[in-house]
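Data first, discussion second: the structure below is written as structure tokens.
Just so it is clear: chains get the letters A, B, ... in the order the sequence lines come, proteins before strands, and each one is counted from 1. Keep in mind that the numbers below use all heavy atoms, side chains included, and drop hydrogens, waters and symmetry copies.
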Amino acid sequence: MLIGQDKKTTIISQIILTFLAIIFSLPILIMLKISFVGKGFINNYLQVLRFDYTFKFFYNSLIVSFFTVLIVLTLSILTAYSLSKLKPIAKNTFFNLILIGLMVPGVSLIVPIFLLFLKFNLFKSYLAMILPISAGIIPFAILLFKNYMDNIPNDLIEAAKIDGAGPLYILRKIILPLSYSIMVVVIIWTFLMTWNDYSTALFFVRDKELLPVTHLPNYFNMATMAAGNIPDYGPFFACLVLISLPIMLVYLFLQKFIEDGVTAGASKN
Amino acid sequence: MNLNKSNVRDILYILPSFIFITIFFFYPIGYIFGISFFDWNGVSQNKSFVGLENYKNFFVDPIALKALKNQILWGIITIFSQMFLGLSMAILLRSKVRFKIVYKVIFFFPNIISIVVVAYIFNKIYDNNFGELNYFLEMIKLNILSHPWLGDPDTALYCLMVANIWQWSGFSFLLYHAGLTQINEDLYESARIDGANIFNIVRSIVIPLLKPTHIALLILGIIGTLKTFDIIYLTTRGGPARSTEFLSTYVFQAGIIEFKASYASTIALMIVLIALVLTTIQVKAYSRD
């Protein structure tokens, strides 16, 4: 073991870790606490749930997440399969160009995309979120799938080829069944990134009816309240907890896949 | 290479992703490069060629330079703090402590919640009148330090860095945690027999052997710094007195709000260039070893 196994070292480690854990959990505890006080737990959450746009915004986020996952999964599997197991022309050039997508901060490209969406009138469509978010995640997903597929032995594929199987058949019957775990990783991460996204809607959506759930707290903002009194933070923070709830559930049940995604994505740059 | 029908067919699998990436990366990069030589508001018919004027303006624009300085400071402080905290957590967890899974969840959880939630929680903590930080200082009789944390140009940037470090240390931790499992434990034992203590081992074995992880975190940290937008926009909007202005918030302000498309594109191109140059240098330096 890296750290000594004697009692003293273990106790010191335990104390430092506990101290760090208390500091790191404080912001979350503060959020939970504020969502319970003021007019009380039930009233705070009811006020959010009764608000006209709450369900609308949750629904919007679900729709956007669903289609983003669908697009990212389909396109990146096909591309990764070709780059990993087939022999396309200019394979390395394509791969390197795709990797550029990982390096360029998307926020720097908002002006041309804004003008493009203006031209095609996409400001009042879910596509204004689905397309840019998918584009941002696809390079990352391709990298994950390609690294994973590179480890699938080629003998299996050669054997199938001798039996006359075409590339799509091999993808469906050999590659995909062996790639379920990485598919779960990509699905979860795409969902998390889409659900948590704030700025794409800020940049490109100009219709209140289409906003995602991350824009909901704006409607419970304390800034609009009369100065002088102590503002009622309860509903606002209840709203933050509700936004995070699906994330918490996903993390609780699928912790391993989320953590695998981090290490798989960063290990090969 | 022998070109045949199947080589062409295999490209069809790449094409849909590639079209996506072209529309959302290559076309915009070409576009901002193109209009950076013009004076244009993005919508009008009037578009006049000004050569390098926008670039000249960028390098003497006090706001752009301030944003650049803020971002360099942000990158250095947050990346190294996250690496230090993440590595410390990972090392401490390779001991016989109990409740390892609980620590792991607590350290990593901030990384997966929305930046919106992070921004609003810290906005409240730092609030001058109702914030938990000032309340805590009052409790321990340090009223003198009580402060509008995000309203003061001297503290705002550092306060937001704390929020960022809180959200991202768990990410560094997970990577170091995975990196440590790759190191052969026997190395530690033989070093111990030679009389090395934990600090010697960390310095001369752990840190050098984790080099791939350091590089990955540096590259991701730099790109992350250049991407940072939401937390600034949701808390200070670049203020007070531009003390938290970033190139990204400046692009948004100039390009989308003020309709200065060509100048915003020049700033944006700088972000892209910085990202590409810095990551390429690091990848090169890394693969040379």
Q) Can you find a heavy atom in the side chain of A:E259 that is under 4.5 Å from one in the side chain of B:K104? A) yes
Q: Start with the C-alpha distance between A:V107 and B:V251, add both sets of side-chain angles, then the distance that settles side-chain contact (heavy atoms from CB on, under 4.5 Å), and finish with yes or no.
A: CA-CA 8 Å; A:V107 64; B:V251 168; 6.0 Å; no
Q.
Quick check on A:Y198 against chain B: is it the side chain, the backbone, both or neither that has a heavy atom closer than 4.5 Å?
A. both
Q. Which atoms of A:F24 come close to chain B, meaning under 4.5 Å heavy atom to heavy atom: side chain ones, backbone ones, both, or neither?
A. both
Q: Test side-chain contact (heavy atoms from CB on, under 4.5 Å) on B:F26 and A:I100 and set out the steps.
A: CA-CA 9 Å; B:F26 300 132; A:I100 288 183; 4.1 Å; yes
**Q.** Contact class of A:I247 relative to chain B, heavy atoms under 4.5 angstrom
**A.** both
Q. Closest approach of B:I106 and A:A21, non-hydrogen atoms and distance?
A. CG2-O, 3.5 Å
Q) Less than 4.5 Å apart, any side-chain heavy atom of A:L17 and any of B:F99? A) no
Q: Take B:Y120 and A:F220 through the ring-ring contact (aromatic ring centres under 6.0 Å, His included) test and state the conclusion after the steps.
A: CA-CA 12 Å; B:Y120 286 137; A:F220 298 93; over 10 Å; no
Q. So what's closer than 4.5 Å to chain B heavy atoms on A:I110: side chain, backbone, both or neither?
A. both
Q: Check whether any side-chain heavy atom of B:S95 lies under 4.5 Å from a side-chain heavy atom of A:T9, and answer yes or no.
A: no
Q. Nearest 0.5 Å, what's the CG-OG distance between A:L20 and B:S169?
A. 9.0 Å
(Q) For A:K33, is the NZ atom crowded, meaning more than 12 foreign heavy atoms sit under 6.0 Å from it? (A) no
Q | Part of A:S76 within contact of chain B (heavy atom distance under 4.5 Å) | A | backbone
Q. Would a distance-only check, ignoring hydrogens and angles, find a side-chain to backbone donor-acceptor pair under 3.5 Å from B:D10 to A:K87?
A. yes
**Q.** Between B:V97, B:N197, B:L276, the one whose heavy-atom pairs under 4.5 Å with chain A are most numerous
**A.** B:V97
Q) So among A:L97, A:L75, A:T79, which one has a side-chain contact (heavy atoms from CB on, under 4.5 Å) with B:F18? A) A:L97
Q | Contacting region of A:M248 [heavy-atom separation from chain B under 4.5 Å] | A | both
Q) Which heavy atom in A:M103 sits nearest to a heavy atom in B:A275, and how many Å separate them? A) O-CB, 3.4 Å
Q | Side chain to side chain, B:K124 and A:F237, heavy atoms closer than 4.5 Å | A | yes
Q: Determine the option with the most heavy-atom pairs under 4.5 angstrom with chain B, choosing from A:P167, A:S134, A:A141, A:G136.
A: A:P167
**Q.** Residues which pass side-chain hydrogen bond (donor to acceptor under 3.5 Å, both in side chains) with B:T266, listed by chain and number, not counting sequence neighbours
**A.** none
Q: Output the option from A:L118, A:V111, A:I243 having the highest count of non-hydrogen pairs under 4.5 Å with chain B.
A: A:V111
Q: Could you grab the distance from atom OG of A:S25 to atom CH2 of B:W166, nearest 0.5 Å is fine?
A: 9.5 Å
Q) Any side-chain heavy atom of B:Y103 sitting closer than 4.5 Å to one from A:Q14? A) yes
Q) OG1 of A:T263 to OH of B:Y176: how many Å apart, nearest 0.5 Å? A) 15.0 Å
Q) Are A:L109 and B:F25 close enough, and set up right, to give a side-chain contact (heavy atoms from CB on, under 4.5 Å), and what steps lead you there? A) CA-CA 7 Å; A:L109 307 176; B:F25 287 100; 3.8 Å; yes
**Q.** Pairwise side-chain contact, A:W189 with B:I112, heavy-atom cut-off 4.5 Å (strictly under)
**A.** yes
Q.
So B:F24 and A:I138, do their side chains get closer than 4.5 Å, heavy atoms only?
A. no
Q) If you round to the nearest 0.5 Å, how far is CD1 of A:I98 from OG of B:S17? A) 6.0 Å
Q: Scan residues 258-278 of chain B for pairs that pass salt bridge (charged side-chain N to carboxylate O under 4.0 Å, His left out), counting only residues two or more places apart or in two chains.
A: B:E258-B:K260
Q: Nearest 0.5 Å please: distance from the CG atom of A:D197 over to the CG atom of B:D230.
A: 7.0 Å
Q. By a 4.5 Å heavy-atom criterion (distance strictly below it), what part of A:L115 contacts chain B: side chain, backbone, both, or neither?
A. side chain
**Q.** side-chain contact (heavy atoms from CB on, under 4.5 Å) between A:Y251 and B:I113, intermediate numbers included
**A.** CA-CA 10 Å; A:Y251 189 41; B:I113 54 173; over 6 Å; no
Q) Which residue out of A:L116, A:V72, A:I23, A:I11 racks up the most heavy-atom pairs below 4.5 Å with chain B? A) A:L116
Q | When A:T18, A:L83, A:L252, A:L26 are compared by non-hydrogen pairs under 4.5 Å with chain B, the top option | A | A:T18
Q: Kindly indicate whether the side chain of B:Y13, heavy atoms from C-beta on, has any atom under 4.5 Å from the side chain of A:L168.
A: yes
(Q) If you count every heavy atom of other residues, nucleotides or ligands that lies below 6.0 Å from B:F33 atom CZ, does the total exceed 12? (A) no
Q. Taking every heavy-atom pair that is under 4.5 Å apart, which of A:G106, A:P27, A:P112 has the most such pairs with chain B?
A. A:P27
**Q.** Among the listed options A:L131, A:I16, A:I113, the residue most often paired with chain B at heavy-atom distances under 4.5 Å
**A.** A:L131
Q: Select one option (side chain, backbone, both, neither) describing which atoms of A:L192 are under 4.5 Å from chain B's heavy atoms.
A: side chain
Q. Would you say the side-chain atoms of A:N196 pair up with the backbone N or O of B:I115, donor to acceptor, closer than 3.5 Å?
A. no
**Q.** Distance, nearest 0.5 Å, that separates CZ of B:R9 from OG of A:S82
**A.** 9.0 Å
Q) Tell me, side chain or backbone of A:I77 under 4.5 Å from chain B's heavy atoms, or both, or neither? A) neither
Q. Are there more than 12 heavy atoms of other residues, nucleotides or ligands under 6.0 Å from atom NZ of A:K91?
A. yes
